Amino acid sequence: MANISLDYDSTKKEIYLLGDIVELQKNRFAWRYIRDYLHPHIEENCIAIPVGDSEPFMVMAKISAMLAKYGFSESKNENSEKIIEDYYEEERRFTEFSKKALEIRNNMCDKNEFEKFTQSVEQNLTARSLYPLQLLSAYHMAFSQNACNFSVPGSGKTSIVYGAYAYLHNLPKDDAKYIDRLLIVGPLSSFGPWELEFKECFGRNPRSKRLAGSVNKSDKQDYLSSKYPAELTLISYASLISLQKEIGFFLRMNKVMVVLDEAHKAKNSSGGIIAQSVLEMSKYSKARIVLTGTPAPNGYEDIYNMFKFIWPNKDVIGFEINQLRDITITGDSARLSRLIDNISPYFIRIRKSDLNIPPATVHPPIYVSMGPLQQRIYDFVEKKYMDEFMAEGTTHTTSRFKAVLAQARMIRLMQAATDPAMIKAPLHSFFEDEEFPIEIYQSVDDSDVLKTIIDYETNEVPAKYIAVKQLVDDILSNNGKVVIWATFIHTIHKLKKYLENQGIACQELYGSIPVESEDIDNDKIFVTREKIVKAFQDTNCPFKVIIANPSAVAESISLHKACHNAIYVERSFNAAHFVQSKDRIHRYGLKQDTITNYFYIISRNTIDETINIRLSEKERRMTEIMESMPIPLFNNVSDDLGDEDIKALIKDYVRRTKKS
């Protein structure tokens, strides 16, 4: 077997490969990796690898992994600098650590050590008992201090973090693993749940600080440099960008566990600003935790930054970004198996089937016949857009244009199927976060349609609203509560008005409802997301109905303790939002006799029927993936509108029109 030894020159910042380098160059796979990723230059009797601004140990680890992968033995150069000796000693220790982390992950714990951990958690997590898989996950997290938790929504990832923190925070202060602060990085909607869960775990309110966009930058800077920051600090991903220097100081001055909640939001592996801010922060963190139930929504490259964050100086993945993309495209089972083996010591995943949650009841769809005016409007809109979908020889020149145009038509069909009054609003109001060509709006906003529907609101009540009211009456008569999910803000507002006119008190929950902030007097603000959710949990809550938008609040909030009924008045093709919204009321902690109900209201012979079938197919596929794969790769399964959705839409339209 050919042998390669490593050497290092600290003045030149170069690693040297010595020994059988001719054989190394002859191995086309090994040499391609070195050439593409390590940027070598050939010197007399050696190959020189520049380190640049990278950590030498990180580059050495990549070289070692490559040599082992392609069948080369590796030996120490006896005359090398001390850093080489340190590297091999560090690798030996890390190998031992990784082996033990894997044993814990596989529930092969040291009995005495696990018992000590369990006792500490029971003593310090005074108001919450962790179930066995949560306890194992918390132990793995506390032992590793740098770990990913990819458990499904509703499995209690927040409680797991607090379990690990309870142990680490109560170690002696001179212990190398001692932690005194938590920094949670997540979406604004997660702030309230983190604070609420803290109280429910520890039995006391946390001393917390929210660093949201509404807080003055100078106040954020003063806080991060203060001598006595709060035990729990919460910051949004967007706020990281302008505070990198101050966060670095905060992390160096305190012993902080940094938690990336909904970490898929920082997955950008192509140099995104937020992703770079996250990676910069990892250098100074005492402990690093990644939380997400969807680590690889679009490809295995999505996990690259997550593992780079938890181990910034280690090559634990063993693959470069382009290689991960290729695994996604090719589905190479051998390389995928090697990838899973590489990262297995550093992540845990609890599946939904592990939670022993009583199964939910999915009621048969409730089909409603549209009123005559709505039917005429829908037929007009559908024919116009379906003819365009099926037309050949489109003049559009870019795939981006085509995709957005298809999305625009789909939105108009969904609106017509629920409440044609929505079509009066300019379409760009549904794309407020994007900049799309004006031609798209002009091509789907038809003046004839607008004239047809101008008086719709005064002439007809949408059939779906009537069906929702009947369902809500039944639920309330049985002392139940219900969350109604709607795609469009118009629907949320109009349905609330309609129900309240019928004597049913409702509360809206969507993106524009503010989160609580320290720079305003929250007591004077009647409505915040936290207040709505907290009030809804109360037995004497004045409203029993929440009307919510899944794209805004399908993550982070939990309603399962108070509500066991969900009505879907409209849905899009986005399976991820759909599944996440269902998990709001179907989570760990439900009693075994709890009945969770899902109701889907569908306008007959419309796009609703296609969406219902496609979502069922996507959800089934997502469930299979989440239950069977260690790292779930949805690979566009959960997309909002894909080619298969459009094909199904056309097929259903042709079937219906042939019948008529």
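For the single chain, residues carry numbers from 1 onward in sequence order. Treat the numbers as computed from the prediction; the structure is a model and nothing was measured.
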message = D36: which residues meet the salt bridge (Lys or Arg N to Asp or Glu O under 4.0 Å) condition with it, sequence neighbours left out?
response = none
key: Pairs flagged by side chain to side chain donor-acceptor pair (under 3.5 Å) wherever residues 45-60 is involved - sequence neighbours left out   = none
query = Can you list the residues that meet the side chain to side chain donor-acceptor pair (under 3.5 Å) rule with Y300, with sequence neighbours excluded?
reply = none
key: Pairs flagged by salt bridge (charged side-chain N to carboxylate O under 4.0 Å, His left out) wherever residues 329-345 is involved - sequence neighbours left out   = D326-R335, D332-R335
note = The complete set of salt bridge (charged side-chain N to carboxylate O under 4.0 Å, His left out) pairs with one or both residues in residues 145-164, sequence neighbours excluded, reads none
ask   = Is a side-chain donor-acceptor pair under 3.5 Å present for S190 with E262?
value = no
query = Without hydrogens or angle criteria, can the side chains of R288 and S282 be said to hold a donor-acceptor pair below 3.5 Å?
reply = no
Listed once per pair and sorted, the salt bridge (charged side-chain N to carboxylate O under 4.0 Å, His left out) pairs that draw on residues 101-123, sequence neighbours left out = K100-E113
message = Which residues pass the salt bridge (Lys or Arg N to Asp or Glu O under 4.0 Å) test with E90, not counting sequence neighbours?
response = R93, K314
task = Please confirm whether F97 and F143 have ring centers closer than 6.0 angstrom.
result = yes
query = Looking only at side chains, do T158 and E197 share a donor and an acceptor under 3.5 Å apart?
reply = no
key: Qualifying salt bridge (charged side-chain N to carboxylate O under 4.0 Å, His left out) pairs with a residue from residues 168-179, counting only residues at least two apart or across chains   = none
note = Output for pair (I63 CD1, D315 CG), nearest 0.5 Å, gives 10.5 Å
request  = Please round to the nearest 0.5 Å and tell me the distance separating atom CG of L240 and atom CD of Q276.
outcome  = 12.5 Å
task = Please work out which of the three classes, parallel, tilted or perpendicular, describes the rings of Y33 and Y37, given edges at 30° and 60°.
result = tilted
Side chain to side chain contact (heavy atoms under 4.5 Å, CB included) partners for S242, two or more places apart = K217
Donor on one side chain, acceptor on other, N149 and S151, under 3.5 Å = yes
request  = Check whether the ring centres of F307 and Y346 lie less than 6.0 Å apart, and answer yes or no.
outcome  = no
message = For residues 244-259, which residue pairs pass the side chain to side chain donor-acceptor pair (under 3.5 Å) check, not counting sequence neighbours?
response = Q221-E246, Q244-S277
ask   = Looking at residues at least two apart in the chain, or sitting in another chain, which of them share a salt bridge (Lys or Arg N to Asp or Glu O under 4.0 Å) with E96?
value = R92
ask   = Taking the inter-plane angle between the rings of F198 and F202 on a 0 to 90° scale, is it parallel (under 30°), tilted (30 to 60°) or perpendicular (over 60°)?
value = tilted
message = Any heavy-atom pair between the side chains of F72 and E23 that's under 4.5 Å?
response = yes
message = When you compare the side chain of L136 with that of C109, does any pair of heavy atoms fall below 4.5 Å?
response = yes
inquiry  = Checking the side chain of K286 only, and the main-chain atoms of A176 only, is there a donor and an acceptor separated by less than 3.5 Å?
reply    = yes
task = Show your reasoning for whether salt bridge (Lys or Arg N to Asp or Glu O under 4.0 Å) applies to D86 and K82.
result = CA-CA 6 Å; D86 292 342; K82 185 176 182 299; 2.8 Å; yes
query = Between Y162 and W194, does the ring centroid distance fall short of 6.0 Å?
reply = yes
query = Nearest 0.5 Å, what's the CD-OG distance between Q134 and S159?
reply = 5.5 Å
query = Does M281 offer a backbone N or O that forms a donor-acceptor pair with the side chain of S285 under 3.5 Å?
reply = yes
request  = List in chain and number order the residues that pass salt bridge (Lys or Arg N to Asp or Glu O under 4.0 Å) with E74, two or more places apart in sequence or in another chain; answer none if no residue qualifies.
outcome  = none
